[in-house]
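These notes concern the structure reproduced below.
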Amino acid sequence: MRRLRRREAVGLAGAALLAPPAFATEPAEPVLLRAIPSTGEKLPAVGLGTARVFDNDDAETDRAALAVIQTLVRAGGRLIDTASTYGDAESVIGKAVAEAKLRAKLFIATKLEEPNESELRRSLTRLQTATIDVLQLHNVSDPKQSLAAFRAWKEQGICRYIGVTSTFHGDFPAVESVLARERPDFVQIDYSITDRAAERRILPLAAEVKAAVLVALPLGRGRLLRKVRGKAMPDWAKPFAASWAQFFLKWVLADERVTAVIPGTANAAHMADNLGALRGRLPDAAERARMVQFVESL
Ligand SMILES: NC(=O)c1ccc[n+]([C@@H]2O[C@H](COP(=O)([O-])OP(=O)(O)OC[C@H]3O[C@@H](n4cnc5c(N)ncnc54)[C@H](OP(=O)(O)O)[C@@H]3O)[C@@H](O)[C@H]2O)c1
């Protein structure tokens, strides 16, 4: 990706925030893409997380989901992460995607609690899709958990990729065992500037087994933004971040083992802000260390 001078980077990201119509057609510059190691298919590195935000299937939630998903696609994004257990989220997303006729432009990841065919059929029905892009086994906790059924569904074309997830650090040893044995296409774990447990073993192992990495909780469930509320961004961060959300998301994305971040939001302006992290340069290693030091000093 072309490196931007500071004024260009700040201007572009600022324009995204202040004037969403700037994204009404195609994005002005290439977005940050990362390859899925098992196929080389490229994915825009910022997506949408949907835990808690679309729990209730009502008119207000439907409107919010439609606006957020349209914003995602207009700004060059594709990835939506959901789960069979996120309240009505799969149904809300399914309706919004069908109404906007956007299925072909999206890359949808969902999660099952276990390899259960009726749970899978329910997800396909609720998402109004014949194919899931990534089918993940949610919250792996036992090193013996098998992905055989997921693999069979992949062979049948019901899903394109398979994966495992967990954000429980006590379960990371189980995730490591399943990742090493089953070699899924994707692993999803939590990782942020103040939550770096994944760096110890999961991220190196994912690189070794060539699994794409989806990053949950990149904003610490919103805690990171609350920590900096009312604080000015330091001048040294402005060349690569036009907002605090971009500061935190780009810290994660600067780790090249990460395929994509999936910040959760039901707010289209926040979605546009987060998608700004797809543009402009990423912090280098020294800047990344300085970012950690800065946040830890708050
Ligand atoms: N085991 C698993 O597989 C697992 C576990 C947890 C999460 N996940 C996935 O990871 C996704 C992300 O996690 P998360 O949603 O819990 O936490 P998160 O992405 O770290 O933070 C979400 C919070 O940040 C706020 N936010 C987002 N963008 C913002 C912006 N630009 N400016 C200000 N506030 C902003 C949101 O509020 P607003 O709604 O007001 O924007 C929300 O409160 C989930 O949605 C889910 O898809 C997976």
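As the structure lists them, so they are numbered: ligands from 1, and atoms in each ligand from 1.
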Checklist entry - What is the ring orientation for Trp236 with Phe294, classed by angle as parallel under 30°, tilted 30 to 60°, or perpendicular over 60°? => result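 Plane angle over 60°, so perpendicular.
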Would you say ligand 1 has an N or O under 3.5 Å from any N or O of [X]?
X      : answer
Gly220 : yes
Gly222 : yes
His270 : yes
Asn274 : yes
Gly264 : yes
Ala216 : no
Leu219 : yes

Could you list which atoms of ligand 1 come closer than 4.0 Å to a heavy atom of [X]?
X      : answer
Thr165 : 1 (N), 2 (C), 3 (O)
His138 : 1 (N), 2 (C), 3 (O)
Asp273 : 31 (N)
Ala266 : 39 (O)
Pro263 : 19 (O)
Asp81  : 9 (C), 46 (C), 47 (O)
Thr50  : 45 (O), 47 (O)
Thr265 : 38 (P), 39 (O), 41 (O)

Checking [Y] against [X]: is there a side-chain donor and acceptor pair closer than 3.5 Å?
X      : Y      : answer
Asp273 : Ser243 : yes
Asn139 : Glu113 : no
Thr82  : Glu90  : no

Next on the checklist: Is it the case that atom CZ in Arg181 sees more than 12 heavy atoms from other parts of the structure closer than 6.0 Å?
Outcome noted: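 More than 12 heavy atoms, drawn from other residues, nucleotides or ligands, come within 6.0 Å of this atom.
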Checklist entry - So His138 and Glu114, side chain to side chain contact (heavy atoms under 4.5 Å, CB included) or not? Walk me through it. => result CA-CA 7 Å; His138 200 189; Glu114 49 189 61; over 6 Å; no
Item to check | Contact check, Tyr86 vs ligand 1, heavy-atom distance below 4.0 Å | outcome: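 Contact check Tyr86 vs ligand 1: positive.
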Checklist entry - At their closest point, which heavy atom of Trp244 faces which heavy atom of Leu225, and how far apart are they? => result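 So the two residues come closest at CB-CD2, 3.8 Å.
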Nearest protein heavy-atom contact for [atom]: which residue, which atom, what distance?
atom                    : result
atom 34 (N) of ligand 1 : Leu225 CD1, 3.1 Å
atom 43 (O) of ligand 1 : Arg221 O, 4.2 Å
atom 6 (C) of ligand 1  : Leu217 CD2, 3.8 Å

Do the side chains of [X] and [Y] get close enough for a salt bridge, i.e. N-O under 4.0 angstrom?
X      : Y      : answer
Asp235 : Lys238 : yes
Arg103 : Asp133 : yes
Glu155 : Arg151 : no
Glu208 : Arg257 : no

Checklist entry - Can you find a heavy atom in the side chain of Phe172 that is under 4.5 Å from one in the side chain of Ile202? => result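 Contact flag for Phe172/Ile202 side chains = yes.
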Item to check | Heavy-atom check, side chain of Leu48 versus side chain of Leu79, under 4.5 Å | outcome: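 A side-chain contact under 4.5 Å is absent here.
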Given [options], which one has a non-hydrogen atom that is nearest to [atom]?
atom                    : options                : answer
atom 11 (C) of ligand 1 : Leu137, Asn139, Ile262 : Ile262
atom 45 (O) of ligand 1 : Ala272, Ala51, Ser166  : Ala51
atom 16 (O) of ligand 1 : Arg52, Gln188, Arg226  : Arg52

Applying a 4.0 Å heavy-atom criterion (strictly less than), which segment of [X] is in contact with ligand 1: side chain, backbone, both, or neither?
X      : answer
Pro218 : both
Gln136 : neither
Met271 : neither

Item to check | Val295-Leu253 co-clustered via ILVMFWY side chain contacts under 4.5 Å | outcome: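 Yes, Val295 connects to Leu253 through the hydrophobic network.
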Next on the checklist: As an exercise, state the distance from CD of Glu119 to CG of Leu124, rounded to the nearest 0.5 Å.
Outcome noted: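 Those atoms lie 11.0 Å apart.
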